[in-house]
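Sequence lines set the chain letters: A, B, ... in the order given, protein chains first and strands last, and positions in each chain run from 1. Small disclaimer: the values here were computed from a predicted structure and weren't measured.
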Amino acid sequence: MPELPEVECFARDLRKCVKGRMIEAVQLSFTGMLRGVAPEEFGSMLTGKVFQDVQRRGKYLFFYLSGELVWEVHLRMTGYFLFYPAPAVTDKHTRALFILQGTNNLQFQDIRKFGTFRLWQKEDFHTAPSMQRGIDPLEDVFNLHVFQGLLYRRSKRSLKYLLLDQSVIAGLGNIYCDEALFRARLHPARKVGDLTKDEIKRLFDAVLGVLQEGIRLRGTSVSDYRDIWGKKGHFQDFLRVYRRKNKPCFLCGETITREVIAGRGTHYCPRCQNH
DNA sequence: CTCCGTGCCTGTGAGC
DNA sequence: TGCTCACAGGCACGGA
């Protein structure tokens, strides 16, 4: 499932590949991802437009197009983009095909059809919830002081619930959340208000650490995630708790636990991450 | 404010 | 071995 590091890889790779290219045609084989725009309108709005930039915020991907248009994408669980030479090789999971000027096509794949597309005019793009909600942890404004501020008035929450709340920090999903809590040696059910100053610092460092390492290792391919060339990431080889139920902790040898916390499957080491 | 349940989907794999 | 069915989870929404 694409979380911040995977979406960042998409943004960086796509920026290099599509910038300056024109969309010659749009073919939708599924239209359920469209939000607030009819299929014909979506096609006609994008056709003829030129990619000017690709950006990311939280788990959202933004294609800046000519004509003051922003195409917003959320990949949700199984969405991803493929970029490869024409002619396009599509399969049953291909939901949209973008014929680009030149020799390459852009393809949107989404097994479970949870992904969403939205269009914004550049002038009111700043009002988009994807741009307003939560703080992106990789933006310069995110520092320890800001992080401490986010904890204020949320003292009764569990850490798991806090980190997954996109209106607080935008970008963490289940994998990087569990890994960050392990790094910080904090139990996922701990309450925000119980943290000491040192623990808050540890959590802050852990969140930034796992995200940066995730990007450096080009994402986590535990199930469907592939980059735009179809290649797997490597962070799955360095997971310390996620999907390691009943396996020994790399630090202490204790058996990794999986239990539902804040409604999510949550993995942790009961010894390293004690209450 | 907190947190649960539901719906949206389909591939996977645990368990019979 | 073959089948069924619960589960996986990001997010929006409704409700306790």
Side-chain angles (χ1 to χ4, degrees), chain A residues 1-8 10 28-36 56-62 72-81 90-96 108-118 128-137 149-181 187-195 207 211 214 219-226 232 235-236 239 241-247 256-268:
Chain A
M1 54 231 68
E3 303 181 24
L4 186 151
E6 291 78 23
V7 182
E8 178 65 20
F10 278 125
L28 297 174
S29 46
F30 170 76
T31 58
M33 80 289 263
L34 301 179
R35 294 288 185 277
R56 177 200 60 77
R57 187 171 189 281
K59 298 177 198 167
Y60 285 90
L61 198 55
F62 304 107
E72 175 198 291
V73 176
H74 197 302
L75 300 167
R76 297 287 184 103
M77 306 293 297
T78 56
Y80 62 99
F81 282 97
T90 60
D91 63 27
K92 62 177 178 175
H93 300 310
T94 303
R95 308 302 179 198
F108 176 67
Q109 291 243 350
D110 189 9
I111 295 171
R112 292 169 69 179
K113 302 180 180 173
F114 283 175
T116 58
F117 291 177
R118 246 187 204 90
S130 52
M131 288 301 286
Q132 290 189 330
R133 295 182 76 225
I135 292 181
D136 187 287
L150 293 175
L151 307 186
Y152 181 64
R153 286 179 181 275
R154 295 185 170 99
S155 60
K156 288 183 178 175
R157 288 186 175 195
S158 66
L159 297 180
K160 177 78 175 189
Y161 194 87
L162 174 90
L163 294 183
L164 286 178
D165 187 343
Q166 303 297 300
S167 67
V168 180
I169 298 173
L172 286 169
N174 214 28
I175 299 174
Y176 292 95
C177 176
D178 283 2
E179 292 299 314
L181 288 170
H187 193 288
R190 281 278 295 278
K191 301 294 182 195
V192 170
D194 294 341
L195 295 185
V207 166
L211 294 175
T220 308
S221 297
V222 285
S223 53
D224 308 288
Y225 172 70
R226 300 290 185 276
K232 288 186 178 188
F235 195 63
Q236 68 276 10
L239 295 174
V241 285
Y242 185 77
R243 283 211 178 176
R244 296 200 64 248
K245 181 189 175 185
N246 292 336
K247 291 181 178 168
I256 301 298
T257 298
R258 181 189 182 280
E259 74 178 280
V260 176
I261 297 174
R264 307 304 177 102
T266 302
H267 314 72
Y268 65 95

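- Residue contacts for A/Gly265: at a heavy-atom cut-off of 4.0 Å it reaches the sugar-phosphate backbone alone, with no base atom in range.
- One can place CE of A/Met33 at 18 Å from P of C/dC11, the figure rounded to the nearest angstrom.
- Contact between the side-chain N/O atoms of A/His74 and the OP1/OP2 oxygens of C/dC11 is found at a separation under 4.0 Å.
- The side chain to side chain contact (heavy atoms under 4.5 Å, CB included) search around A/Asp91 returns A/His93, A/Thr94, A/Gln109, not counting sequence neighbours.
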Enumerate donor-acceptor pairs with a distance under 3.5 Å from any side-chain N or O in residues 256-265 of chain A to protein atoms, sequence neighbours excluded.
residue	atom	partner	partner atom	Å
A/Glu259	OE2	A/Tyr268	OH	2.3

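- For the side chain to side chain donor-acceptor pair (under 3.5 Å) test, residues two or more places apart in sequence or in another chain that qualify with A/Asp165 are A/Arg157, A/Ser167.
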Listed pairs, N/O of protein and of nucleotides 10-13 of chain B, under 3.5 Å:
residue	atom	partner	partner atom	Å
B/dT10	OP1	A/Lys113	NZ	2.9

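- Using a 4.0 Å heavy-atom cutoff across all strands shown, A/Met1 reaches sugar-phosphate atoms only and no base atom.
- Remark: P of C/dG10 and CG of A/Leu163 are 13 Å apart, rounded to the nearest angstrom.
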Can you tabulate the close N/O pairs, meaning under 3.5 Å, that link protein atoms to atoms of nucleotides 2-7 of chain B?
residue	atom	partner	partner atom	Å
B/dT2	OP2	A/Arg157	NE	2.9

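- In this structure, of B/dC8, C/dA12, C/dC11, it is B/dC8 that holds the atom nearest to the side chain of A/Phe114.
- Evaluation of the ring-ring contact (aromatic ring centres under 6.0 Å, His included) rule for A/Tyr161 yields no partner, not counting sequence neighbours.
- Under the rule for a side chain to side chain contact (heavy atoms under 4.5 Å, CB included), A/Ser155 has no partner lying at least two apart in sequence or in another chain.
- Direction of the helix axis in the helix from B/dT2-C/dA16 to B/dC16-C/dG2 shifts by 60° between the two five-pair termini, rounded to 10°.
- Once rounded to the nearest 0.5 Å, the distance linking NZ of A/Lys59 with CE of A/Met1 reads 10.0 Å.
- By the ring-ring contact (aromatic ring centres under 6.0 Å, His included) test, A/Tyr242 pairs with A/His267, sequence neighbours left out.
- With a 4.5 Å cut-off on side-chain heavy atoms, A/Arg56 and A/Leu4 count as touching.
- Across residues 164-177 of chain A, not one residue has a non-hydrogen atom less than 4.0 Å from an atom of DNA chain B.
- Under the side chain to side chain contact (heavy atoms under 4.5 Å, CB included) criterion, A/Ser221 pairs with A/Tyr225, A/Arg226, A/Lys232, A/Gln236, not counting sequence neighbours.
- Contact check for A/Val241 versus A/Thr266: no side-chain heavy atoms found under the 4.5 Å cut-off.
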message: Run A/Ile135 and A/Val168 through side chain to side chain contact (heavy atoms under 4.5 Å, CB included) and show every step you take.
response: CA-CA 6 Å; A/Ile135 292 181; A/Val168 180; over 6 Å; no

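- For A/Asp110 and C/dA8, the CG to P distance is 20 Å, given to the nearest whole Å.
- Here the side chains of A/Arg57 and A/Phe62 are in contact, with some heavy-atom distance below 4.5 Å.
- Residue A/Tyr152 is out of contact with every strand shown, counting any heavy-atom pair closer than 4.0 Å.
- Here A/Tyr176 pairs with A/Glu6, A/Thr220 under the side chain to side chain donor-acceptor pair (under 3.5 Å) rule; sequence neighbours left out.
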